[in-house]
Amino acid sequence: MTSFIIRRLLISVLLLFIISVISFFIITLTPGSPYPWGELNPKVSPEVKRVFREKFHLDRPLTEQYTLIMRDLFSGRLRSIKDERPVLEKIGERLPATLVLNLGALALSLSFGLMLGVYGARHAGRLPDVVTSVLAFTFIALPGFWISYLMAIVLVNWAAVPILGTHTIGVDFTNGLEVFLDGWWHIMLPASILAIGGIAVQSRFIRASMIDTLREDYIRTARAKGLDENAVFYRHALRNSIRPLLTGVGMLLPTLISGSVIIESIFAYPGMGRLGYEAVLERDYPTLVALNFVTAALVLGGNLLADLLYAVVDPRVRLE
Amino acid sequence: MIINTPEPLALVPASPAGRAWRRFRDNKIGMVALGVVLLLALIGVVFFTLNHLGIPFPADPDATNLERKLLAPNAVNWLGTDNLGRDVLSRLLNGAHISLTVGFIAVFVSLFIGVTVGAVAGYFGKWVDNIIMRIVDAIMCFPTFFLILTAVALLGPSIINIVVVIGLVSWTGTARLVRAEFLTLRETSYVQATRALGQQAPRIIFRHILPNAAAPILVTAVLGVPDAILAEAGLSFLGFGVQPPQATWGNIIADGKTYILDAWWLILFPGLAILIAALSFYLAGDALRQAVETRSARQ
């Protein structure tokens, strides 16, 4: 177990290195410049440009720029080109909001995906299964930004669900519980919309896994000894086919973070996705590199956690 | 005296493709989805041609008319008009070919890379496989949409850039699949035999192994099209898609969101178009998977 964790951590470090190289070169090799003024602006003196270039190491060769960026990132000195605040500080204040949003969406994806998938497998090949399958594909095909706006139209007109921000503006809750509930009330809609695709993908995996499990010999044995179908299905089969639930964690994370770029922009949600979108618009190289690095680290961490849970949940799996 | 004539052999097609088509034909949902896909392709071709010939049908998609702006669906403008008085239906019909082109070409790019990389990794195995698959793992950790957004924003939004960037970040799934197929197929006796006959690796890979992995590759290709369509719609929505005045389904919604509470038709209809296009590709792809998947009896 320990050797497994150590090896996985080493591989993760290697992956993070590859990821940082790829993201650095994608960002820097593309045309365009990060200057806050236009490239040819005559009002900016060469001296100002030189100082700016030096400050962000833009006068160095690319390989050296890369090592400098990584050095600064790890020592916490990396600063945003736009407002010259430390990048880690900027990400740090956005991280909790994104984590809450994505973990909420993940929980919704896993739980509703499980229900939908189990329901489909229970009625495999019959009408309810066909209906849930088509429903799942519809969920995957739904453009997140579109359903966000439709929900906004509906909710603004007919319900009082908040559609912007993370807390009610102009109300000071003194009670911790009220602050907490207010937060959840705000996060409900974006998290549900973010979870739609995940629910669908997860339900497909659970369904396939259940159908495979139902063909196993021990299921036949369970039926043969006269157990009723519900016991066979929910006690014997379900337990052995929840593995995709954990694989799903690793697979869903990048998708969810991708999705939160759009969802956070729409719902004025102060998370990392929106920070990234703003950084793209402003060509803020250091922030973009750091953001890619942090999200990749989160995804790798999530994957490792999922694999460890795998071994805890399923004694047949041995980590080596 | 009764002569028993043998069953005509033609009833069971001999080729695997023929048998797969028969199974596909029995899948009602798959056939409907395929019909919608073909209809969309027809719409794309017809309206692209009409627009280029300068025939405004049902109306010129780019003709503005400020006296008729933000009209709800009515007898003249079936799906209403936008903030510049342009006919939404015409713009939707003329946006179809953008979505489809992006979908198909992006998939072509990603297939090209994915199949090559996967084939090399799976065929040669050992350290080649190890290095390639670590890179694939690394790319899979990226939130892809964010990567696409970064690259397109920095390169500039043109249809070629969008297609290439979407293709460049979406090949990893195909590569994994092709690698897995190759790992099993290269151990089969017919591949061993061709190797014993002294054939070169490229020939074995492309002539002997690849055709046997064609079915699963085709399925991922079909399922990749809607992914690309949705990615393009998202980019268009954020303003990094194909640029105006060319109408795309995503940018009609992006333009319409300013009028969200007054003009629901600017949001509803383009989104439905995206949904229908993506859904029909997914359902057709899933039906295709069921038709070619003979190894497991999974439905």
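In what follows, every chain begins at residue 1, and chains take the letters A, B, ... in the order their sequences are listed.
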Report the distance from atom CE of Met140(B) to atom CG of Leu300(A), rounding to the nearest 0.5 Å. 13.0 Å
Crowding at CD1, Ile160(B) (>12 non-hydrogen neighbours, <6.0 Å): no
Does Phe205(A) have more than 12 heavy atoms from other residues, nucleotides or ligands lying within 6.0 Å of its CZ? no
Shortest non-hydrogen contact between Trp146(A) and Ile267(B), atoms and distance: NE1-O, 2.8 Å
Using a cut-off of under 4.5 Å for heavy-atom pairs, which of Ile274(B), Asp286(B), Ile139(B) has the most such pairs with chain A? Asp286(B)
When the ring planes of Tyr277(A) and Phe240(B) are compared, do they come out parallel, tilted or perpendicular, using 30° and 60° as the limits? perpendicular
Gap separating the CG atom of Leu15(A) from the CZ atom of Arg134(B), nearest 0.5 angstrom: 6.5 Å
Closest approach of Thr138(A) and Leu275(B), non-hydrogen atoms and distance? O-CD1, 3.8 Å
When heavy-atom pairs shorter than 4.5 Å are enumerated against chain B, which of Val261(A), Ile262(A), Ile11(A) gives the highest number? Ile262(A)
Going from CG on Leu283(B) to OG on Ser133(A), what distance comes out if it is rounded to the nearest 0.5 angstrom? 9.0 Å
Side chain, backbone, both or neither: which part of Ile266(A) has a non-hydrogen atom closer than 4.5 Å to chain B? side chain
Could you look at Leu281(A) and say if it's the side chain, the backbone, both or neither that has a heavy atom under 4.5 Å from chain B? side chain
Below 4.5 Å, heavy-atom pairs only: which of Asp137(B), Asp227(B), Leu238(B), Leu149(B) has the largest tally toward chain A? Leu238(B)
Say you draw a straight line from OG of Ser148(A) to NZ of Lys257(B); how long is it, rounded to the nearest 0.5 Å? 11.5 Å
How about Tyr149(A) and Leu268(B): do any of their side-chain heavy atoms sit closer than 4.5 Å? no
Quick one: closest heavy-atom pair of Pro143(A) and Leu230(B), and the distance? CG-CD2, 4.2 Å
If you tally heavy-atom pairs under 4.5 Å against chain A, which of Gly234(B), Ala277(B), Ser280(B) wins? Gly234(B)
Could you look at Leu16(A) and say if it's the side chain, the backbone, both or neither that has a heavy atom under 4.5 Å from chain B? neither
Identify which part of Ser12(A) has an atom lying under 4.5 Å from any heavy atom of chain B, answering side chain, backbone, both or neither. neither
Ring center gap for Tyr282(B) and Phe139(A) short of 6.0 angstrom: no
CD1/Ile135(B) to CD1/Ile22(A) distance, rounded to the nearest 0.5 angstrom? 7.0 Å
Student check: side-chain heavy atoms of Phe281(B) and Phe137(A) closer than 4.5 Å: no
To the nearest 0.5 Å, what is the distance between CG (Leu272(B)) and CG (Leu150(A))? 8.0 Å
By a 4.5 Å heavy-atom criterion (distance strictly below it), what part of Leu298(A) contacts chain B: side chain, backbone, both, or neither? neither
